[in-house]
Number of protein chains: 2
Amino acid sequence: MPAFGFQPHDHADCIRTTLAQADAYCAQHKLKLTPIRRRALEILLAEHRALGAYDLLAVLAEDGLGTAPPVAYRALDFLTSAGFAHKIEGLNAYIACAHFGADHSPAFLICTSCKSVAEAETTATQGRLGEAARAAGFTISRTVVEALGLCPQCQEAPCA
Amino acid sequence: MPAFGFQPHDHADCIRTTLAQADAYCAQHKLKLTPIRRRALEILLAEHRALGAYDLLAVLAEDGLGTAPPVAYRALDFLTSAGFAHKIEGLNAYIACAHFGADHSPAFLICTSCKSVAEAETTATQGRLGEAARAAGFTISRTVVEALGLCPQCQEAPCA
DNA sequence: GCTTGATATGTTATAGTATTACATTTAGCA
DNA sequence: TGCTAAATGTAATACTATAACATATCAAGC
């Protein structure tokens with residue numbers, strides 16, 4: 001069972017409700033959740049882990065939804081622009097958003113052993129980064145906040 | 001004149017003193033600041049901007065210090081391991097450390113217009129990320145904290 | 001001084017990540 | 001219907017990074 005904040009949960013429900021929310025959000029904002037885009041989101045949602053663009057592409061290819069890299073990158077562009085997914089810069093990988101809907105400044109806890117990712121909610125203007133920005137007269141448009149380390153499970157059992 | 005925390009400063013002195021500190025640190029810790037490594041640091045120090053590995057390699061090549069990618073990546077590995085440089089994950093680029101010497105958890109303000117980078121000092125266990133980690137039982141080994149936006153100069157004059 | 005082992009460098013090839021460019025198709029709308 | 005914008009198909013290429021292995025350098029101990 002995948003982790004959510006490193007906690008077990010009803011993952012089938014987790015996928016179902018997020019897709020439903022994405023459908024509703026797109027209807028409301030006149031965005032098109034096309035078959036490729038919807039399937040890409042579903043694939044990312046399948047695990048609370050970050051997937052590489054080419055990993056995503058491989059699954060899309062199995063489904064006959066495209067084989068060339070732009071297929072995956074376009075879907076990821078859409079999903080990240082809409083706030084349905086995030087890029088984990090430290091891994092060059094992508095993950096479904098765990099706090100659906102609104103614009104937000106996510107922060108990630110990334111387990112370097114099992115590759116699980118937990119998403120925490122933050123705001124760009126809080127904390128030390130916000131302080132530093134205000135002091136420097138710097139205007140933040142996007143933040144990348146990632147912590148690499150070991151999740152509770154992997155601290156106890158340090159196997160791969 | 002390059003920016004330092006987006007402030008003008010004596011940059012020649014900034015380079016000189018940092019190289020001297022690096023020499024001293026290496027002597028003290030039995031690390032070898034070989035010609036390639038020293039020149040790589042000098043190149044990164046030349047600007048308070050992030051350079052791609054291949055940008056660095058191009059300059060090293062001009063100096064006859066190597067032409068193949070591993071030359072640049074090895075130098076960068078050494079410099080980042082020693083704490084003399086950091087990787088900016090959001091840009092896949094590298095920058096000389098502005099707070100020399102100690103282990104630290106840097107945070108960066110990155111101007112998307114002029115590509116200047118300012119480095120702020122933080123600690124991994126403070127702030128909201130540290131809170132989230134403690135709450136989840138997660139052990140942090142490394143943090144990536146980057147803010148993309150506009151520096152004071154580029155807010156006023158939004159040219160490239 | 002010589003040997004040895006560890007570290008550093010030289011070099012080729014390749015893996016992994018991402019974009020450009022342009023042709024074609026589809027969907028919404030005047 | 002015909003127009004326009006958005007989405008998709010596809011080939012080629014650019015950018016980022018590492019693997020693998022040969023060679024060279026250097027310091028420690030004999």
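Being a predicted model, the structure only gives us computed values, none of them experimental. A, B, ... follow the sequence lines: proteins, then strands. Residue 1 opens every chain.
Cluster membership check: B:I110 does not share its hydrophobic cluster with B:V144, using side-chain heavy-atom separations under 4.5 Å among Ile, Leu, Val, Met, Phe, Trp and Tyr.
For DNA chain D, the outermost nucleotides in 5' to 3' order that have an atom under 4.0 Å from a heavy atom of chain B are D:dT16 to D:dA20.
Contacts of residues 85-94 of chain B with DNA chain D (heavy atom under 4.0 Å): B:K87, B:N92, B:Y94. Interface residues of residues 72-80 of chain A facing DNA chain C, ordered by number: A:Y73, A:R74; criterion, heavy-atom separation under 4.0 Å. Residues from residues 49-64 of chain A that place a heavy atom under 4.0 Å from any atom of DNA chain C, listed by number: A:Y54.
With a 4.5 Å cut-off on side-chain heavy atoms, A:R38 and A:D23 count as touching. Residues A:I95 and A:E119 fail the side-chain proximity criterion, which asks for heavy atoms closer than 4.5 Å. By the 4.5 Å heavy-atom criterion applied to side chains, B:H48 and B:H11 are counted as neighbours. Contact annotation: the side chain of A:V71 approaches that of A:L57 to within less than 4.5 Å [non-hydrogen atoms, C-beta and beyond]. Residues A:I43 and A:L51 are in side-chain contact: their nearest non-hydrogen atoms beyond the backbone lie under 4.5 Å apart.
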List the steps, then state whether side chain to side chain contact (heavy atoms under 4.5 Å, CB included) holds for A:T112 with A:L150.
CA-CA 6 Å; A:T112 51; A:L150 291 177; 4.0 Å; yes
Apply side chain to side chain contact (heavy atoms under 4.5 Å, CB included) to A:L65 and A:V59, showing your working.
CA-CA 9 Å; A:L65 292 171; A:V59 183; over 6 Å; no
Show, in sequence, the C-alpha distance, side-chain angles and deciding distance for A:F78 and A:C26, and conclude whether the side chain to side chain contact (heavy atoms under 4.5 Å, CB included) test is met.
CA-CA 11 Å; A:F78 174 84; A:C26 286; 4.2 Å; yes
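Following rounding to the nearest Å, A:K32 (NZ) and C:dT26 (P) show an atom-to-atom distance of 13 Å.
Residues in residues 83-93 of chain A take part in these salt bridge (Lys or Arg N to Asp or Glu O under 4.0 Å) pairs, two or more places apart or across chains: A:K87-A:E89, A:E89-A:R142.
Mapping A:P70 and B:R37 onto DNA chain C by nearest heavy atom places B:R37 closer to the 5' end of the strand.
Formation of a donor-acceptor pair under 3.5 Å by the A:T67 side chain with backbone atoms of A:A61 is not found in this model.
Looking at A:E131 and A:R134, no side-chain N of the basic residue comes within less than 4.0 Å of a carboxylate O on the acidic one, giving no salt bridge.
Applying the side chain to side chain contact (heavy atoms under 4.5 Å, CB included) criterion to B:A75, with sequence neighbours excluded, gives B:I36, B:A40.
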